[in-house]
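Chain identifiers are assigned alphabetically (A, B, ...) following the order of the sequence lines, protein sequences preceding nucleic acid strands; residue numbering begins at 1 within each chain. Just so we're clear, the structure is a prediction, and the values are computed from it rather than from any experiment.
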Number of protein chains: 2
Amino acid sequence: MKLDPRHLELLSAIVDNGGLTEGADALGKAQPSVSRTVSMLEARVGAPLFEKSRRPLVPTELCLALAVEGRKILAANKSASTIVASYQGGRRGVVRLGGTPVFMDGVISAMIPQFQASFPEVRIEQSYGYSNELRDRLDNNTLDLAICPLNPTTVGDGFEFVPVLQGRNVIACGYAHRLLAKPSIRLSDIANYPWIAPPTSSPLYQDMRQVLADIGIRDFKVSFSGGSLTATINILNNSDALTVLPYSVVFMARRQKTLAALSIRIGHPERSLGLLRSKAAPKRPSVERFSRFVANEFASLSATITKHEQNNLWRD
Amino acid sequence: MKLDPRHLELLSAIVDNGGLTEGADALGKAQPSVSRTVSMLEARVGAPLFEKSRRPLVPTELCLALAVEGRKILAANKSASTIVASYQGGRRGVVRLGGTPVFMDGVISAMIPQFQASFPEVRIEQSYGYSNELRDRLDNNTLDLAICPLNPTTVGDGFEFVPVLQGRNVIACGYAHRLLAKPSIRLSDIANYPWIAPPTSSPLYQDMRQVLADIGIRDFKVSFSGGSLTATINILNNSDALTVLPYSVVFMARRQKTLAALSIRIGHPERSLGLLRSKAAPKRPSVERFSRFVANEFASLSATITKHEQNNLWRD
DNA sequence: TGGTAACATAACATCACGTTATGAAGCTTG
DNA sequence: CAAGCTTCATAACGTGATGTTATGTTACCA
């Protein structure tokens, strides 16, 4: 005797609402539909489920026992509906996120716990990579969202790129670097410090070479290369070394007093940090929501940075 | 987003059986049916439930979450099916049982715990009454089964009567009555003892008058009347009183040494104890099962009584 | 004893679900 | 790496349960 779970739901609706008519519109159906379904069920079961010839329909004991199961089904169904609604609202799901190491560690990783405080059911699967690799992975759908610096004009056709922060680098140093104490810094001052070079595959590597060339430094000493942001920061704070890092990364690190920037204007690359997505891939709500969140965060980060600059607070 | 509980069952079946095909025949359906239902669900939900282009179909996280609810629904459904099966097998339900007080208390009440040991989910709603009242209540469907003494030829048309024990009365007395010590009892011996009269509405009342008339006792002293079997037994065991009771009742009470019978043959009424039911009423399985049980019990009781008589064990 | 409210019945449309047959695409295996 | 098997998807079709509105019964209440 296989029963239709909807019939059990129906029984519990009738029982719990005290009548066939009430149960019917609790389920959003017309009364005759429910009436007939009950009849068919009684025929199948071979037993009366309600005492007939009683006007506020009185459930049989058998019916009450089945209604208990119906309630369980209704509950499970409701929670399934909630799950689906969460998914559709982007409050549940997975976001496969990729980005360049320095930005991910230096900026994005601070945003994620904030996001997950609001949306704990969204799981972030993060990975690292540079723009070409990220594009590939967006293409073969192993990534939902990439965060990387790109020249907006060179974004491929199949991609959608939303710039969130102007590309701008600074010369970074440890928080207690002795150059920070000087009122003005001359190029000759920085020429002889050792440099930390980003990984050669990082766009920062080219940036650094360009920056140093621009300010006339042709010959420089690389004391360390290939490390992550954490390694770089550790070394900067325990040596005289300098390096080139994105403005936003240094800005964030200032709060923990782990990085500082020299007040030397350097040229900025023709790139913007932005959110890169595949146009072809179906837009999952969780990815949508996370993207909006990150864009908003960067908007307010931009505003904060601008405000700091206006107030000349950079070296407060 | 209201979901069909059957779809959730379906998801859990697919997930738990490791594939669409396996899930399909776990549900007893053809594979294309399940395949299409999944497609429709995905369209409704707006999200993939399985990773496509993978041959042992891999469920999405969303799907897994929904499958959890599906399992709950399957479990509730299964237990509902069990409930119905129990009902249909007569292992669950209600039996509204009525009968004459002496038989109910003296014989049937001993059978009920035995029945319920096997079928604890069957509830017995017992009540007392005499044949006319019982017939009425069978007619207006406030009773499923009556157990009472009837003349099989006078059973009405709408009833079905199954005799289970020959009508036969004995003169009953307390277990230590001094008449029991006498090797032979003469009518004059019993004439002067006080008598306990059954309620006048009881057939036993007429029986007693008939018996005493048959054995030539025209004048007798009624010391107590109107009491239940318990009251009767108590009085019998604390006095010299005598009364007329069904053989079977005295036989059962012997085990507890609370009643005995005088070895005087008396005429038996043209009645049989039997199970009376309405032909019109739908046959509920629990009533069927209980009726069969009681009939069997009486069959073996009859056999036991016969055996005792053959072995002359009556006054062991 | 009406009148009202609740349930049952009738008649009909439709759509999801079941079926079989068949196609397409992964995975496996020599 | 191609063959073959397995697994899933699609197509075409019948049907039955479910929904609807309209209307009939019948229990309850005043």
Who passes salt bridge (charged side-chain N to carboxylate O under 4.0 Å, His left out) against A:R271, sequence neighbours left out? A:D207
Salt bridge (charged side-chain N to carboxylate O under 4.0 Å, His left out) filter on A:E133, not counting sequence neighbours, yields none
Taking the basic N atoms (NZ, or NE/NH1/NH2) and the acidic carboxylate oxygens, is any pair closer than 4.0 Å for A:R277 and A:E288? yes
Between B:K2 and A:E9, does at least one N-O distance fall below 4.0 Å, as a salt bridge requires? yes
So does A:S35 get a side-chain nitrogen or oxygen closer than 4.0 Å to the phosphate oxygens (OP1/OP2) of C:dA8? yes
Between [atom2] of [N] and [atom1] of [X], the distance in whole Å:
{"X": "A:E51", "N": "D:dC28", "atom1": "CD", "atom2": "C1'", "answer": "16 Å"}
{"X": "A:K52", "N": "D:dT25", "atom1": "NZ", "atom2": "C1'", "answer": "14 Å"}
{"X": "A:F50", "N": "C:dA8", "atom1": "CZ", "atom2": "C1'", "answer": "14 Å"}
{"X": "A:L27", "N": "D:dT18", "atom1": "CG", "atom2": "C1'", "answer": "13 Å"}
{"X": "A:D25", "N": "C:dA6", "atom1": "CG", "atom2": "C1'", "answer": "12 Å"}
{"X": "A:M40", "N": "C:dA8", "atom1": "CE", "atom2": "P", "answer": "14 Å"}
{"X": "A:L41", "N": "C:dC7", "atom1": "CG", "atom2": "P", "answer": "17 Å"}

Among residues at least two apart in sequence or on other chains, which ones pass ring-ring contact (aromatic ring centres under 6.0 Å, His included) with A:F290? A:F115
Kindly say whether [Y] contributes a backbone atom to a donor-acceptor pair with the side chain of [X] at under 3.5 angstrom?
{"X": "A:N17", "Y": "A:A13", "value": "yes"}
{"X": "A:R289", "Y": "A:G89", "value": "yes"}
{"X": "B:R284", "Y": "B:V94", "value": "yes"}

Would you say that more than 12 heavy atoms from the other residues, nucleotides or ligands in this model lie under 6.0 Å from the NZ of A:K78, or not? no
How does protein contact run along nucleotides 19-30 of chain C, one letter per nucleotide 5' to 3', with B for base contact, S for sugar-phosphate only, - for none, heavy atoms under 4.0 Å? BBB---BSS---
How bent is the helix from C:dT1-D:dA30 to C:dG30-D:dC1, measuring the angle between the end axes built from five pairs each, rounded to 10°? 40°
Are B:T37 and B:R6 side-chain neighbours, meaning at least one heavy-atom pair lies under 4.5 Å? no
Just to verify, which of B:L134, B:N132, B:L275 counts as forming a side chain to side chain contact (heavy atoms under 4.5 Å, CB included) with B:C148? B:L134
Nucleic acid contacts - residues 2-23 of chain B versus DNA chain C, non-hydrogen atoms under 4.0 Å: B:R6, B:H7
